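These figures come from a predicted structure and were not determined experimentally. Worth knowing before you read on, the calculation uses all heavy atoms, side chains too, and leaves out hydrogens, waters and symmetry mates. Every chain is numbered from 1, with letters handed out A, B, ... down the list of sequences.
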Amino acid sequence: MTNTASTPPTQTAVRYEPAAVEAKWQRRWQEDDLYKAEDAVPGKENWYALTMFPYPSGDVHIGHWFAYTPADAHARFMRMQGYNVMHPQGFDSFGLPAENAAISRGADPREWTVANMDNMRRQFKLMGASYDWNRELATCEPDYYRWNQYFFLKFYEKGIAYRKNGAANWCPQDQTTLANEQVKDGACERCGTTVVRREMPQWFFRITDYADELLEMDSIDWPEKIKVMQRNWIGRSTGVTIGFDVSEYMPDGESDKIETFTTRIDTVYGVTFVVLAPEHPLVSKLTQPQQQGEVDAYIENAARQSEIERTSTEREKTGVHTGAYATNPLNGEKVPVLVGDYVLATYGTGAVMGVPAHDERDFVFAKKFGLPIRVVVAPEGWSGEELAEAYIAPGTQVNSAEFDGLPSAEGKERIADKIESNGWGERTITYHLRDWLISRQRYWGTPIPIIYCDDCGTVPVPEQDLPVILPDNVEFTPTGQSPLTLDEEFVNVPCPDCGRPAKRETDTMDTFVDSSWYHLRFTSPGLMEEPFDSEKVRQWVPVHQYMGGAEHAVMHLLYSRFFNKALRDIGMVEFDEPYTRLFNQGTMTKDHMKISKRANPLNPEPIIERFGTDTLRCYLMFLGPWDQGGDWSDQAINGISRWLQRVWDLALRESPSGSDTDADRQIERASHALTGRVIGDMQQFKFNTTIAALMEFTNELSRSRETGNTSREAWTSAIERLLLHLAPLAPHVAEELWEQTGHRYSIHQQSTPGWEEAKAAADTETIVVQVNGKVREQLQLPAGVAQDTAVSAALASEKVQRYTDGAEILKQIFVPGRLINLVVKPGK
RNA sequence: GCCGAGGUGGCGGAACGGUAGACGCGCCGCACUCAAAAUGCGGUGGGGGAAACCUCGUGCGGGUUCGAUUCCCGCCCUCGGCACCA
């Protein structure tokens with residue numbers, strides 16, 4: 001320091017220099033392996049704190065900081081609360097960007113990924129997060145992905161994995177199929193390109209078998225929002241499947257029925273037409289010769305439409321007659337069979353019964369095609385007039401034969417009974433959820449361990465031959481086939497069963513397979529013989545606290561739950577859910593706009609250089625409630641910087657040495673109150689109010705120092721408490737001050753200080769006096785003052801008397817420790 | 001359209017049904033300085049008033065209550081998710 005001579009005595013000689021402090025402690029913690037998690041520590045409960053691991057895209061950006069540093073603060077807090085905490089970090093390192101980098105600039109995907117991981121690991125270490133790096137894993141390593149293959153084989157054995165030919169979602173840009181969950185608004189979730197449908201054999205995981213169990217979420221403490229999104233995605237609906245006979249229109253005297261699904265069987269007497277999806281197999285058979293041309297043209301046109309166009313709700317409903325008629329089994333009526341693309345081939349049975357009076361879409365369709373609209377569920381007070389729009393709500397059965405007069409809710413049950421007893425159909429449950437399509441026609445992923453033999457068919461790779469290694473040096477020409485198809489050495493293998501020449505499956509797995517079980521691998525990352533050590537899994541999993549963004553609500557978080565249940569069913573884990581608690585952080589913006597590299601950049605590195613990691617960490621947590629995201633301000637971070645500087649000065653300047661017991665009591669009161677607030681807030685991830693409480697305490701200490709009456713003991717203990725609460729939030733500066741105030745390393749191995757409600761309580765309390773609900777006076781009264789004493793004091797106040805003089809007091813409300821409200825009737 | 005979260009000073013945001021605006025930013029004033037920066041101290045919702053104090057005020061309209069940002073009913077707006085799911 002150059003200005004020591006001119007420094008006034010009240011100034012500290014050494015200013016807070018974050019860079020030096022942070023480098024020093026990061027090195028020390030690493031040398032000492034301070035955050036290494038033992039699998040069991042006597043007397044401590046385990047706490048598995050997990051954040052959704054990152055994709056190694058290249059740099060740790062501000063969004064990573066916003067996701068990971070508050071999560072780390074919480075993990076650190078739990079450690080100080082006496083838990084044995086494991087907080088691991090790794091890389092979700094298979095995926096398209098690596099391959100796209102290979103295509104666009106000839107980089108090797110593995111080298112590109114490894115270089116990114118090295119860089120990001122370095123940047124992560126600048127965060128000062130309490131990660132146990134001994135447990136780091138990367139999903140692109142054979143030691144990891146071989147277990148994806150292992151699980152795949154187990155699932156195949158159990159029938160959970162299967163191969164099926166069908167129309168799959170195809171992204172023309174990424175040149176691969178996608179799972180339903182990865183299609184948003186008819187476009188690829190990753191690149192935004194409109195998805196098309198393509199017929200091809202693909203591998204699936206039978207997630208639909210778990211649909212009902214996945215709906216059961218009472219045992220997990222997750223945000224309601226995520227639960228709702230999962231429920232909606234699974235989309236369970238209960239109804240009736242009912243067949244409409246079309247035999248007389250079938251070629252060659254075949255007999256057949258159109259199976260339709262409805263949730264409104266109470267409206268079945270109002271059916272005036274039946275609509276098939278263009279892709280429905282009966283369309284070709286039922287189309288009568290005179291309609292053939294029109295139907296063909298319609299189907300061809302529908303096929304050319306994109307998914308977005310077809311599913312737009314604004315679009316006009318279109319359709320065409322097949323010339324065939326179907327018989328309603330309940331009343332024997334024949335209704336026309338049409339083809340319409342508002343009916344989806346992928347939902348229910350791909351055919352619907354049209355009830356225009358009681359379904360908005362059917363209403364529009366009927367109006368357009370001049371089909372009859374028959375009311376069968378009457379609104380209250382309905383007297384036979386025509387409807388201006390479809391009537392959706394419940395009502396009374398009419399025009400429904402023997403069911404007339406019943407409330408529609410009851411009609412639903414009775415009609416379903418009748419249908420079932422006559423064998424016309426049955427009660428059915430349908431789901432929006434489809435099986436998880438896991439095949440990807442891409443290189444940078446886990447090879448699917450299957451061999452196709454002309455003689456033996458589909459042959460699983462024997463377990464002892466795992467892993468099927470992803471070869472290096474393949475050609476990247478996005479042709480719609482996996483690059484692996486061009487690797488002769490990879491593709492051509494002898495059949496494991498008969499030894500004759502056979503070919504390997506060349507598709508790779510969806511990377512969401514990798515992230516479905518990584519939390520298990522963190523318990524035993526180096527293990528060679530098994531995917532994980534069951535004993536250690538028992539010690540650590542289910543994950544106690546999972547943290548990450550809500551964008552994975554129906555992808556990762558749903559897949560992972562499914563995967564856990566499938567593992568349970570093959571006897572590999574014992575619990576039903578992978579993540580007990582979940583917390584979703586919100587999205588960070590800058591100037592209320594999305595942060596993006598190009599349009600609205602916010603690079604953390606210069607911020608760290610200027611203010612230090614601790615300041616950035618605290619600022620991100622101070623922005624607002626973590627789950628609501630936050631808006632970055634270049635100016636406001638100064639406030640945090642100033643505050644930490646003040647903490648530094650308070651801790652290091654010479655302590656006061658007064659002997660005023662009142663001053664000491666005041667500090668003690670503030671100290672205990674602080675701890676109570678901090679513990680409550682930190683438990684609930686309310687970092688912003690935690691920091692506000694610490695700032696208030698800092699202000700209190702500053703005032704106390706000004707008066708100089710506080711004793712050395714009281715002061716020292718207050719500073720100690722401040723540092724202990726600061727430690728999870730600003731770990732470096734807290735550690736440095738801990739050392740400089742003469743404490744033993746490390747502050748991060750200390751416990752949260754204790755507190756007592758009684759000591760946190762004030763000796764006097766402010767009682768607000770209201771007259772008719774308006775605040776008129778504030779009285780300082782001894783704590784715990786009784787109602788009559790307080791009221792007498794209030795009535796003695798001149799300010800209160802102004803409003804009570806000559807008035808009649810009707811009522812007194814007394815809230816202990818808070819207020820008095822005098823309800824008066826004014827005199828005169 | 002449906003589901004979820006929100007709407008509070010110039011800004012980010014606090015408030016078990018009990019003093020609305022904690023804490024911070026910004027701004028204003030003062031101190032320190034030749035000066036500036038940094039730092040420290042004080043002030044800072046609107047209107048009125050020299051002040052004491054009065055009054056209005058938490059998206060809009062009602063209601064419950066001694067008392068409502070908070071609870072209830074009906075709207076408006078913003079953000080996120082889903083959406084021809086039969």
Next item on the list: Pick the P atom in B:G42 and in B:C34, then give their distance to the nearest Å.
Entry: 25 Å
Notebook entry, point to check: Of the candidate nucleotides B:G18, B:A86, B:C23, which contains the atom at the shortest distance from the side chain of A:S237?
Noted result: B:A86
Notebook entry, point to check: Does any non-hydrogen side-chain atom of A:H552 lie less than 4.5 Å from one of A:Y559?
Noted result: no
Check: Quantified in whole Å, what is the C1' atom distance between nucleotide B:C72 and nucleotide B:A68?
Finding: 11 Å
Next item on the list: Output the residues of residues 550-559 of chain A in contact with RNA chain B, where contact means a heavy atom of the residue under 4.0 Å from an atom of the strand; sort by number or write none.
Entry: none
Notebook entry, point to check: Between A:I419 and A:I265, is any pair of side-chain heavy atoms under 4.5 Å apart?
Noted result: yes
Check: If you look at every strand shown and take non-hydrogen atoms under 4.0 Å, does A:T766 touch a base, only sugar-phosphate, or nothing?
Finding: base
Check: Out of B:C25, B:A86, B:G12, which nucleotide sits closest to the side chain of A:Y347?
Finding: B:A86
Margin query: Let's test this: given Watson-Crick or G-U wobble pairing with both distances under 3.5 Å, identify the partner of B:U19.
Written below: none
Checklist line | P spacing across the pair B:C30 / B:A37, given as an integer number of angstrom | finding: 13 Å
Notebook entry, point to check: Which word best sums up how the rings of A:F365 and A:Y342 line up, parallel for under 30°, tilted for 30 to 60°, or perpendicular for over 60°?
Noted result: tilted
Margin query: Measure NZ/A:K774 against P/B:U19 and give the value in whole Å, please.
Written below: 15 Å
Note to self: Any base atoms under 4.0 Å from A:D627, or only sugar-phosphate, or nothing? Heavy atoms, all strands.
What the structure shows: nothing
Next item on the list: Look at the side chain of A:K184 against the base of B:C82 and say whether a donor-acceptor pair falls under 3.5 Å; ignore hydrogens and angles.
Entry: no
Note to self: Any salt bridge linking A:E224 with A:R231? Criterion: basic side-chain nitrogen under 4.0 Å from a carboxylate oxygen.
What the structure shows: yes
Notebook entry, point to check: Among B:C66, B:G40, B:G13, which nucleotide sits nearest the side chain of A:K811?
Noted result: B:C66
